[in-house]
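First the structure, in the form of structure tokens, and then the observations on it.
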Amino acid sequence: MSLPPPQIILFGDSLIEQSFSVERHGVGAALANAYARRADVLNRGLSGYNSNWLLDHYLETILGAYASANIIMWIILVGANDACLPGFVHHVPVSQFKENLEKMIVAIQRQHKCKVLVLSPPPIDKRLLESHGPRGGADRDLGVTRSYASAAKEVVEVGKWNSVGFLDFYELLWEELKNEGLIAGNDLNLVKEYLTDGLHLGPKGYELMYDTIMKKIKQDWPEICPEGLSMTAPWWGDLQDGRVKQHDEL
């Protein structure tokens with residue numbers, strides 16, 4: 001009995017939910033394009049969710065729905081909402097965030113012997129949040145967000161997991177912004193290309209995420225890069241040339 005088509009699950013908060021945005025060059029849409037005819041890329045992001053809510057109200061639903069699926073990779077991006085300051089409804093203490101992330105990895109790998117790629121939440125821009133954020137940026141702090149990015153890294157590195165990788169997207173995007181002179185610069189229109197409102201990713205932010213994910217896959221897990229997977233259906237040229245057996249010949 002043949003396996004169902006391979007699948008890649010993107011799991012997290014609004015940074016994942018918005019990742020199929022064409023306008024923003026979303027990483028989910030880009031991955032779906034890269035894996036066309038080779039693996040289905042599924043968006044399982046929920047805007048506004050923190051790691052508590054994802055763990056308690058969503059993860060088991062997904063695991064149940066895809067119990068017999070051929071999952072080759074989970075990409076986890078959580079922590080942006082957990083990093084809200086204490087006193088705000090989305091806040092999750094960093095110690096609880098680490099525990100939740102570890103539980104997610106354990107649950108996923110217990111059911112699917114697949115690759116798991118954890119991304120740290122990106123940096124924020126307080127200037128944009130003050131004018132575009134729903135609470136004027138009062139609920140967020142750059143240093144606190146950095147501590148949650150470091151916590152995600154610690155969970156993966158200390159856990160010494162099998163087939164679990166980590167991308168420090170916080171540092172990658174921070175370096176990109178610094179190299180572009182945007183940390184202390186006044187060109188907020190250019191910053192918006194990376195962070196539309198100071199929190200969510202813009203086109204250049206998602207492009208950076210896509211490029212680094214693909215580089216990570218090719219370096220560490222070449223067997224699941226697009227060119228390493230078979231097509232889910234034959235190329236039409238093989239059908240035309242008679243190189244694919246008819247059903248009655250199988």
Just so I know, are the side chains of [X] and [Y] near enough to count as touching, which here means a heavy-atom distance under 4.5 Å?
{"X": "Met73", "Y": "Ile217", "result": "yes"}
{"X": "Leu10", "Y": "Leu31", "result": "yes"}
{"X": "Lys204", "Y": "Glu176", "result": "no"}
{"X": "Phe88", "Y": "Arg140", "result": "no"}

Sequence neighbours excluded, the answer for side-chain hydrogen bond (donor to acceptor under 3.5 Å, both in side chains) partners of Asn43 is none
Tyr35 meets the side-chain hydrogen bond (donor to acceptor under 3.5 Å, both in side chains) criterion, sequence neighbours left out, with none
So, [X] side chain and [Y] main chain: donor-acceptor pair closer than 3.5 Å or not?
{"X": "Tyr206", "Y": "Leu15", "value": "yes"}
{"X": "Asn70", "Y": "Pro4", "value": "yes"}
{"X": "Arg37", "Y": "Ala233", "value": "yes"}
{"X": "Gln18", "Y": "His200", "value": "no"}
{"X": "Trp161", "Y": "Val155", "value": "yes"}
{"X": "Glu17", "Y": "Ser47", "value": "yes"}
{"X": "Asn81", "Y": "Tyr49", "value": "yes"}

Decide, yes or no, whether a salt bridge links Glu175 with Lys178 under the criterion of side-chain N to carboxylate O below 4.0 Å.
-> yes
For the pair Lys126 and Glu130, find out whether any cationic side-chain nitrogen is under 4.0 Å from an anionic carboxylate oxygen.
-> no
Say you draw a straight line from [atom1] of [X] to [atom2] of [Y]; how long is it, rounded to the nearest 0.5 Å?
{"X": "Asp139", "Y": "His91", "atom1": "CG", "atom2": "NE2", "value": "12.0 Å"}
{"X": "Ile75", "Y": "Leu117", "atom1": "CD1", "atom2": "CG", "value": "5.5 Å"}
{"X": "His25", "Y": "Ser19", "atom1": "NE2", "atom2": "OG", "value": "14.0 Å"}
{"X": "Leu172", "Y": "Met209", "atom1": "CG", "atom2": "CE", "value": "9.5 Å"}
{"X": "Leu188", "Y": "Leu128", "atom1": "CG", "atom2": "CG", "value": "5.0 Å"}
{"X": "Thr145", "Y": "Ile124", "atom1": "OG1", "atom2": "CD1", "value": "4.5 Å"}

Please name the pair of heavy atoms, one in [X] and one in [Y], separated by the smallest distance, quoted to 0.1 Å.
{"X": "Ala80", "Y": "Leu199", "result": "CB-CD1, 4.4 Å"}
{"X": "Ile72", "Y": "Pro6", "result": "CG2-CB, 3.9 Å"}
{"X": "Cys114", "Y": "Ile108", "result": "SG-CG2, 4.1 Å"}
{"X": "Thr196", "Y": "Gly202", "result": "CG2-CA, 3.5 Å"}
{"X": "Trp221", "Y": "Ser163", "result": "CZ2-O, 3.8 Å"}
{"X": "Tyr170", "Y": "Ser120", "result": "N-OG, 3.0 Å"}

Before giving the answer on side-chain contact (heavy atoms from CB on, under 4.5 Å), spell out for Leu55 and Met104 the whole-Å C-alpha distance, their side-chain angles and the decisive distance to 0.1 Å.
-> CA-CA 7 Å; Leu55 185 64; Met104 290 176 186; 4.0 Å; yes
Does [X] share a hydrophobic cluster with [Y], counting links as ILVMFWY side-chain heavy atoms below 4.5 Å and allowing steps through other members?
{"X": "Phe20", "Y": "Ile9", "answer": "no"}
{"X": "Tyr210", "Y": "Ile8", "answer": "yes"}
{"X": "Tyr148", "Y": "Val89", "answer": "yes"}
{"X": "Phe97", "Y": "Leu119", "answer": "no"}
{"X": "Ile71", "Y": "Val164", "answer": "yes"}

Ring geometry between His90 and Trp53 (parallel below 30°, tilted from 30 to 60°, perpendicular above 60°) = perpendicular
Assign the ring pair Phe11 / Trp74 to parallel, tilted or perpendicular, where the plane angle (0 to 90°) is split at 30° and 60°.
-> perpendicular
Between Gln7 and Tyr66, does a side-chain hydrogen bond (donor to acceptor under 3.5 Å, both in side chains) hold up when you go through it step by step?
-> CA-CA 10 Å; Gln7 293 179 324; Tyr66 298 102; 5.7 Å; no
Within 6.0 angstrom of [X] [atom1], more than 12 heavy atoms from elsewhere:
{"X": "Lys153", "atom1": "NZ", "result": "no"}
{"X": "Asn162", "atom1": "CG", "result": "no"}
{"X": "Glu223", "atom1": "CD", "result": "yes"}

The side-chain contact (heavy atoms from CB on, under 4.5 Å) partner of Leu208 among Leu173, Val27, Leu201, Ile213 is Leu173
Glu171 meets the salt bridge (charged side-chain N to carboxylate O under 4.0 Å, His left out) criterion, sequence neighbours left out, with Arg146
For Lys103 and Ser51, what are the C-alpha separation, side-chain angles and deciding distance, and is it a side-chain contact (heavy atoms from CB on, under 4.5 Å)?
-> CA-CA 10 Å; Lys103 288 179 178 178; Ser51 64; over 6 Å; no
Working for side-chain contact (heavy atoms from CB on, under 4.5 Å), residues His112 and Leu63 = CA-CA 9 Å; His112 299 287; Leu63 290 173; 4.3 Å; yes
Show your reasoning for whether side-chain contact (heavy atoms from CB on, under 4.5 Å) applies to Arg127 and Val191.
-> CA-CA 10 Å; Arg127 300 165 298 178; Val191 177; 3.9 Å; yes
